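Structure, as structure tokens:
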Amino acid sequence: MTDVFSLLTLPTTSTAFTALKASVSDSLDGSASPRRKAARLDGDSDAASASRSTGHGQKGPIKLTIVGDQLPSKPRDGDAQSKLLRNLNLLHRSIRSIMTPPNPGDKRGDPRLIFPTTYEAIYSACRSVVTVANRGEDLYDKLRLELQQSIGQLSTALATREIEVLDKGDKHELPILWVTEFVRVCDWFEKTILLLSSLLTYLDQVTLAYAIVSEKVFNNPEVQSRIRSGILEWANYERKFRMTHHYRKKISKLFAHLIMHNQYTYYEAHYIKISREFYSAESAELTRSMTDAQLFFNHVKDRIEEEEVRSQDALPVGSWELVRKAVEDHIWGDRLEWVANNTIGLYVKRKDFARVEGIVKDEKDDDHMVERLLEFKSLADEVISTTFVDEKASLSSSAVITSRNPEFIYALGDAFSIGFKARRNKPAEMIAKYIDHAMRKGQNALSQDEYEATLDAALALYRFTDDKDVFRTFYHRSLAKRLLLQKSASDEVEASMLKKLREQYDPDFGMGEDMFKDLQLSRDAMRDYHMKLDSNSSGHKLSVMVLQRSAWPFTVQKTSVDLPPNMQADLTAFANYYRNRHTGHILDWDHALGTATLTARFNAGKKELSVSLYQAVVLLLFNNEIEWRYADILEQTRIEPEELKRILQSLACGKKKVLKKVPPGRDIDESDHFRFNPDFDDPRTKVHINTIQVKVSPQESKRTNDSIEGDRRHYLEAAIVRIMKARKELMYEQIKTATIEAVKNHFVPGVESIKKRVDWLVEQEYLRRDPDDKNRFYYVA
């Protein structure tokens with residue numbers, strides 16, 4: 001090997017430096033700079049420097065400093081083999097040290113304290129053996145032998161380990177204490193394998209380690225027996241004493257390790273088996289000792305809940321349903337029918353189950369009919385979903401799919417449909433009013449999903465009623481009020497609800513489009529009208545909605561209300577403007593849904609009163625007189641007596657008494673007097689008193705129902721005439737069946753109603769009855 005001194009020796013032909021003694025020193029500066037070789041002369045040996053510094057020729061030895069790492073040389077075969085052996089020996093000792101488990105509580109046995117080298121050196125040695133020397137098989141064999149020896153010793157230790165307890169009364173816990181030791185060993189093993197995986201990256205030793213553990217540990221009959229005993233002792237302790245064992249978390253870790261080593265299925269079956277045995281024995285004992293069905297039911301319910309909590313704490317999710325089913329199947333035993341016969345009646349009573357018919361017929365609580373029906377249906381749906389379910393295996397997995405039993409679903413639907421028939425029309429009317437209230441109230445604190453779920457639940461009840469025309473009529477009138485009085489929470493929600501009703505429930509719900517169109521056209525018309533007025537004109541306060549009669553559920557007013565002269569003048573001016581713009585159109589004024597804002601001065605200060613137009617007409621009378629008699633108000637306004645009484649009641653007998661009634665009282669008599677109330681006060685500046693417009697009065701409900709009955713008569717007559725015109729001759733039973741089929745999407749007529757319509761059509765000579773057969777009818781062209 002050529003050394004650095006030889007490389008730097010000058011040729012023999014020159015004797016310039018032969019007199020000097022050579023001195024070579026190797027120096028590593030420790031930097032990460034590239035290797036380099038540089039010859040430097042000491043300052044005193046440089047002739048020029050010496051002459052400059054001393055002025056005479058002082059001489060000395062030449063010192064050469066080599067900066068950088070030593071140049072690598074080609075290794076000899078003997079050196080490579082020696083290095084391989086050193087690395088293999090180092091790795092062997094390191095693996096043995098890592099795989100030596102520490103004794104509990106004895107740090108002197110901790111292999112980390114006697115570790116032969118650093119983790120980095122182990123990693124580098126493994127890389128050198130596997131990638132440089134290409135001798136990974138030798139290292140793999142050493143690792144396998146070391147793993148087999150270490151894990152074999154662990155298996156023997158676990159199988160023969162004797163657990164000591166201080167109290168002889170705790171001997172029943174020996175199996176569980178052994179399980180805790182087993183869990184500790186598993187924790188150590190998995191951490192150790194994780195360490196080996198990172199150090200010996202170039203070997204695939206993880207699968208090897210787990211395979212050896214499976215062979216040496218989990219296939220050991222004594223280890224299997226002890227794991228089973230530990231699980232049995234833990235489960236029996238918790239079930240017997242009905243309390244959480246202080247080692248439950250250790251059992252949970254045990255199951256986690258079993259899953260990690262692919263051993264869980266075997267012990268899951270064992271756990272389910274001992275659960276069946278325990279509850280079968282308990283069920284037999286309870287059959288002899290417990291004769292009260294309610295107590296037995298409560299006991300079983302508590303037991304199932306305990307098992308659910310135990311499974312959630314200790315077992316993986318996939319085992320929860322299997323354990324629950326095993327417990328339910330064996331704890332009920334053959335007493336399920338006995339329990340059902342003796343407890344369902346109590347359950348129904350406790351949950352306040354009521355017949356749908358009973359809720360519908362309770363006229364005193366009509367205002368809460370829909371809430372009670374929704375509560376009852378929600379409870380019935382919950383019972384069907386949790387109790388009356390069918391199970392079937394999934395085709396794509398081992399999971400069990402549950403679905404509600406269709407027979408109970410049909411029975412629930414029939415119960416509501418039959419119950420609604422106990423009181424014709426009323427359920428449909430109350431459902432429409434419930435939705436109207438929800439649409440006016442808006443979602444408030446509810447989320448969007450919760451609000452929509454509330455509306456959908458009410459619409460689900462609508463499916464059970466045959467009186468579709470009743471719901472449609474009341475909903476139509478309520479919608480019109482909300483739009484005209486601007487009481488709707490959102491036009492978007494209104495449009496969405498109409499779309500849902502039309503597409504999913506009733507195709508005849510198409511009135512909304514024309515109503516929204518009318519409102520938009522009216523806004524545009526008022527904008528144009530106000531632009532043509534003088535800036536100081538009182539007409540700027542006027543807002544008129546011009547509506548198509550065919551699109552809105554209002555009839556022509558039979559009587560006209562006398563408005564104050566200034567109001568009437570503004571209306572007349574608008575009517576003239578409209579007639580000039582739309583020749584041939586006729587305006588019929590309907591003030592029932594009109595609104596007004598009045599400024600009133602009370603002792604407490606000025607207030608803005610938001611009232612109906614009828615209320616405004618009454619209140620404005622008190623600008624002229626302090627006190628008015630009922631008869632005089634009726635004469636001045638010409639409002640219908642029943643409506644006037646409602647108006648005066650809202651102004652003088654409600655929560656916000658802007659008028660005083662003499663004598664005081666809740667009811668309005670024709671002899672009553674009314675005075676302005678200067679002492680009225682309210683914390684808000686703008687006071688709303690026009691709630692009577694929004695609410696549907698009993699008189700209005702009656703008028704609407706009478707209108708529906710009239711429409712039904714015409715609908716039946718038209719249907720019968722169409723049928724007879726097409727068929728010419730039919731028996732009465734055929735007419736009845738065909739008529740019901742023709743109108744079923746609107747309502748289901750009673751047999752008596754059809755008979756009356758047929759007789760009326762005979763009287764009007766649309767039909768002719770056969771003189772020889774009273775049940776045969778002919779169409780008269």
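These numbers come from a predicted model, not from an experiment.
- Around NZ of K702, the count of heavy atoms belonging to other residues, nucleotides or ligands within 6.0 Å does not exceed 12.
- The ring-ring contact (aromatic ring centres under 6.0 Å, His included) pairs that include a residue from residues 702-736 are Y715-H746, where partners are two or more places apart or lie in different chains.
- Partners of E717 according to the side-chain hydrogen bond (donor to acceptor under 3.5 Å, both in side chains) rule, which considers only residues two or more places apart in sequence or in another chain, are R757.
- Evaluation of the side chain to side chain contact (heavy atoms under 4.5 Å, CB included) rule for D669 yields S671, D672 as partners, not counting sequence neighbours.
- For the ring-ring contact (aromatic ring centres under 6.0 Å, His included) condition, no pair includes a residue of residues 749-781, sequence neighbours left out.
- Scanning for side chain to side chain contact (heavy atoms under 4.5 Å, CB included) contacts around N576 gives T572, R579, with sequence neighbours left out.
- Looking at residues two or more places apart in sequence or on another chain, you find a side chain to side chain contact (heavy atoms under 4.5 Å, CB included) between D362 and K364, D365, R372.
- In this structure, F474 has no ring-ring contact (aromatic ring centres under 6.0 Å, His included) partners at least two apart in sequence or on a different chain.
- Test K426, R712, K421 against D467 for side chain to side chain donor-acceptor pair (under 3.5 Å) and you get one pass: R712.
- Here R713 pairs with nothing under the side-chain hydrogen bond (donor to acceptor under 3.5 Å, both in side chains) rule; sequence neighbours left out.
- Residues passing the ring-ring contact (aromatic ring centres under 6.0 Å, His included) test with F516: none are found, sequence neighbours excluded.
- Under the side chain to side chain contact (heavy atoms under 4.5 Å, CB included) criterion, Q448 pairs with Q443, E452, not counting sequence neighbours.
- For N775, the side-chain hydrogen bond (donor to acceptor under 3.5 Å, both in side chains) test picks out no residue, with sequence neighbours left out.
- Identified under the ring-ring contact (aromatic ring centres under 6.0 Å, His included) test for residues 410-447, with sequence neighbours left out: F376-F416, F416-F464.
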